[in-house]
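Taking it in order: structure first as structure tokens, then the write-up.
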2 protein chains.
Amino acid sequence: MGRKRLQETGDGRPTVHTVAARAGVSIASASRVLNGVGGSPETIRKVRAAAAEVGYVPNAIARSLQSQRTDLIALAVEDIGNPVYVEMMRAIESVVAASGRQLLVHATGGQVANETALLRRLAHRYVDGMIVSPIRVTDDHLAALVDSPAPVVVVGQLGADAPVDNVRTDSRAGVGLAVDHLVAAGRQRIGFVNGPLDTVPGAARDAGFRAALAGHGIDLDERLVEVGDFQYVAGRAAAERLLARARPDALVCANDLIAVGALHALLAAGRRVPEDVALVGMDDTELARMMFPQLSSVSLGSAERGRRAAELLLQRIADPALPPRREQVAPHLAVRASSAAVPDVGPLFVPAPTDPAPAPRTPEVTA
Amino acid sequence: MGRKRLQETGDGRPTVHTVAARAGVSIASASRVLNGVGGSPETIRKVRAAAAEVGYVPNAIARSLQSQRTDLIALAVEDIGNPVYVEMMRAIESVVAASGRQLLVHATGGQVANETALLRRLAHRYVDGMIVSPIRVTDDHLAALVDSPAPVVVVGQLGADAPVDNVRTDSRAGVGLAVDHLVAAGRQRIGFVNGPLDTVPGAARDAGFRAALAGHGIDLDERLVEVGDFQYVAGRAAAERLLARARPDALVCANDLIAVGALHALLAAGRRVPEDVALVGMDDTELARMMFPQLSSVSLGSAERGRRAAELLLQRIADPALPPRREQVAPHLAVRASSAAVPDVGPLFVPAPTDPAPAPRTPEVTA
DNA sequence: TTGTACGCGTTATCAT
DNA sequence: ATGATAACGCGTACAA
């Protein structure tokens, strides 16, 4: 009958009550000691001993209910498998983990509906904040972003004056870098394989491509422009369509996945890279360095943007009254063998004959 | 003075009390309606209306404290950027999301200490369970796994009779598949670029390689074996060391990242693939299909293992009394151009002239 | 069906 | 410094 309160949790794990009872002090004292605030030396000793004996571990949920925070950060991206998001996620994870928090990942599939749903779920307060990198933005989506129930920072282009923390890059200018480079290398018929035009990055890159050509006084031949999506398969298909009807001497691709697809399309069509067709990708993921020939690529600083976004978010969580901030990461071009006569996959590492560690059973080898 | 209980949360969001008061019912009735259990038609109407008016959203923390579950699942892997874990993570995320839960990711860097720390943190009950894919296993690590404070399932090899749910593959046999294939293709001097021998996969693959050669009656030349780690850079360095001292006509690599490194080492050394040296990777990630030549690779079913692991975990959460289970995913070999005379990156897609959608502004093109 | 009251496990307040 | 007690927001016995 009515014993007012059990001292153990339902499945037998100790609580503060267990520790307090065992130490012969009140739960308040126990809690204080366990949190390192106050307590006489004797109390501290008794409580610590009791906690150790029963193997006490504080319950994160109860603590969260009290503290009104979960120390969880969410990240929502289109596809957690895309190398560009992988790099971003890595950077974010490291900042988040360093702050003692943990990272939650969501794959949205690029669907606006999924993202707004996620935004709404923030009201449940299961995370302290969210980083979202939307590729499509609608009006009510934007509205949901603006009056989000929890701190949000956006990675990517947003309406110019949306009052939301965001860190962006200038992918328009990024495409320009690629075009400038190709024109300077004497290429005349520069093609473009883009992702969907109804996405923010797709639209920006399309605009950037046209502007860049115009800047060089080049008339754009529309047959040199093709659209797929931001994946390898569709990118390759798009490149094949383009090659079936036009003869580019250079190809700019809206990301590295597309660029790999285009490379394969070119090779399958018997074109040499870069002799016949120069190729430039975008995002400068490690994939670009893994290709042969290695891919020139426009870095949009995805890791850097991720890092900055995480920092902005942590700052806002610490001080929700902060005004909306906007940071910008400049694009830059990495020139590699796919578009220029630079050393390709060369000997990065000279075998270190004096270093015995990695090569155990073969001391006589170097000869 | 003493108003017993506020009807709003500290920062002004509505709670059940707000809704109840507004609907003119008790919080119990409000809660019942909001959870869809009980309530007269009239009460239901009033409560729903009130909830809608104030924009009520239940607090996940409070709900968790009550229900003793968070609907969060954790995943701990060495490196969230490694394509093999990306594929696993994708598969897990999809199962987890389909069950209405969310996924938390941890990067352990392959450090045992980090993993045991993570295991201990489970006692905080911030997640309902965890999937962990350890590459190094020590005794106390195993002990921590066995009496984990929350359900855990392990992806990877574990001591034969450890009472822990786990889904494994036979990477020993997987290496055998690669060796069999190469021997059948007439290769004589088969080399092996492995990851660290103090890891579970590294040790298993080393054993598998030696056993396979022995099975074919081939004497292993130790100069044909090299060790780096499971990354591209070290893999490439290891391959370069190997090539500096030996003349393999085939190379088996312990994963695809290493295989890409080895491919580059071979190309830099002027060897043709597969003519001079046949190359087989492991894990069969999409990276293998993206290379040129496309890489043969031994699939260890990482996505499938992830999916199964997630399902095992959900089952155990539903019924903790289940006996420990062990599932096995068989390896299989994907033969591609890097090790055989099969069609390489060929025309996957015929341009669809009847499909106007992707090529907007160019009706006259096909001519 | 409805309302009262308690418990989930913790931290914070406020007397003492 | 310490202890009783009130939150945190929710679900649910139990009694009416």
Side-chain angles (χ1 to χ4, degrees), chain A residues 1-21 23-47 51 54-71 123-126 128 149, chain B residues 1-21 23-47 51 54 56-71 123-126 149:
Chain A
M1 60 220 68
R3 30 168 201 205
K4 296 263 316 217
R5 174 184 275 278
L6 263 34
Q7 287 177 352
E8 292 188 336
T9 187
D11 45 350
R13 281 190 318 283
T15 75
V16 229
H17 292 89
T18 324
V19 175
V25 301
S26 71
I27 61 162
S29 292
S31 176
R32 275 189 289 259
V33 170
L34 293 170
N35 288 299
V37 300
S40 72
E42 176 60 6
T43 307
I44 292 180
R45 194 194 55 70
K46 286 189 298 187
V47 170
V54 299
Y56 170 76
V57 177
N59 180 307
I61 317 282
R63 190 198 291 264
S64 285
L65 182 59
Q66 166 67 30
S67 66
Q68 300 285 44
R69 44 198 203 78
T70 61
D71 289 333
H124 295 215
R125 321 243 36 136
Y126 68 102
D128 293 343
Chain B
M1 60 225 66
R3 30 167 204 207
K4 296 259 324 210
R5 176 185 272 278
L6 261 35
Q7 286 176 353
E8 291 189 337
T9 187
D11 45 347
R13 280 190 318 281
T15 74
V16 229
H17 293 88
T18 323
V19 175
V25 301
S26 71
I27 62 162
S29 291
S31 176
R32 275 189 290 259
V33 170
L34 294 169
N35 288 299
V37 299
S40 72
E42 176 59 6
T43 307
I44 293 180
R45 194 194 55 71
K46 286 189 297 187
V47 171
V54 299
Y56 170 76
V57 177
N59 180 307
I61 318 282
R63 189 199 291 265
S64 285
L65 184 59
Q66 162 71 26
S67 65
Q68 300 284 45
R69 44 197 203 79
T70 61
D71 289 333
H124 295 210
R125 322 240 39 133
Y126 68 101

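Quick note on labels: first sequence line is chain A, next is B, and so on, each numbered from 1.
Contact annotation for Ser31(B): base contact, defined as any heavy-atom pair under 4.0 Å involving a base atom. Residue contacts shown for Ser64(B) are absent, as no nucleic acid heavy atom lies under 4.0 Å away. Residue-level contact check: Ile27(A) touches the bases, meaning some heavy atom is under 4.0 Å from a base atom.
Side-chain contact between Arg125(A) and Arg13(B): present, with at least one pair of heavy atoms (C-beta onward) separated by less than 4.5 Å. Within the 4.5 Å cutoff, no side-chain heavy atoms of Asp71(B) are placed close to those of Tyr126(A).
Residue Ala28(A) places its side chain closer to dG3(D) than to any other of dT10(C), dG3(D), dT2(C). Listed candidates were dA4(D), dG7(C), dG9(D). Nearest to the side chain of Gln66(B) is dG7(C). Which of dT2(C), dT11(C), dG9(D) sits closest to the side chain of Ser29(B) comes down to dT2(C). Across dT1(C), dA1(D), dA4(D), the shortest atom-to-atom separation from the side chain of Ser40(B) is found for dT1(C). Nearest nucleotide to the side chain of Arg63(A), out of dT2(D), dT10(C), dT4(C): dT10(C).
Nearer to the 5' terminus of DNA chain C, by closest-nucleotide assignment, is the contact made by Thr43(B) (compared with the other of Leu65(B) and Thr43(B)).
Going from atom CZ of Arg32(B) over to atom P of dT2(C) covers 8 Å, rounded to whole Å. Remark: P of dG11(D) and CZ of Arg69(B) are 11 Å apart, rounded to the nearest angstrom.
Between dG9(D) and Tyr126(A), no contact under 4.0 Å exists linking OP1 or OP2 to a side-chain N or O. For the OP1/OP2 pair of dG9(D) and a distance below 4.0 Å, the side-chain nitrogens and oxygens of Thr15(B) include no atom meeting the criterion. The side chain of Asn59(A) contributes no N or O atom lying less than 4.0 Å from OP1 or OP2 of dC8(C). A close approach under 4.0 Å does not occur between any side-chain nitrogen or oxygen of Gln68(B) and OP1 or OP2 of dG11(D).
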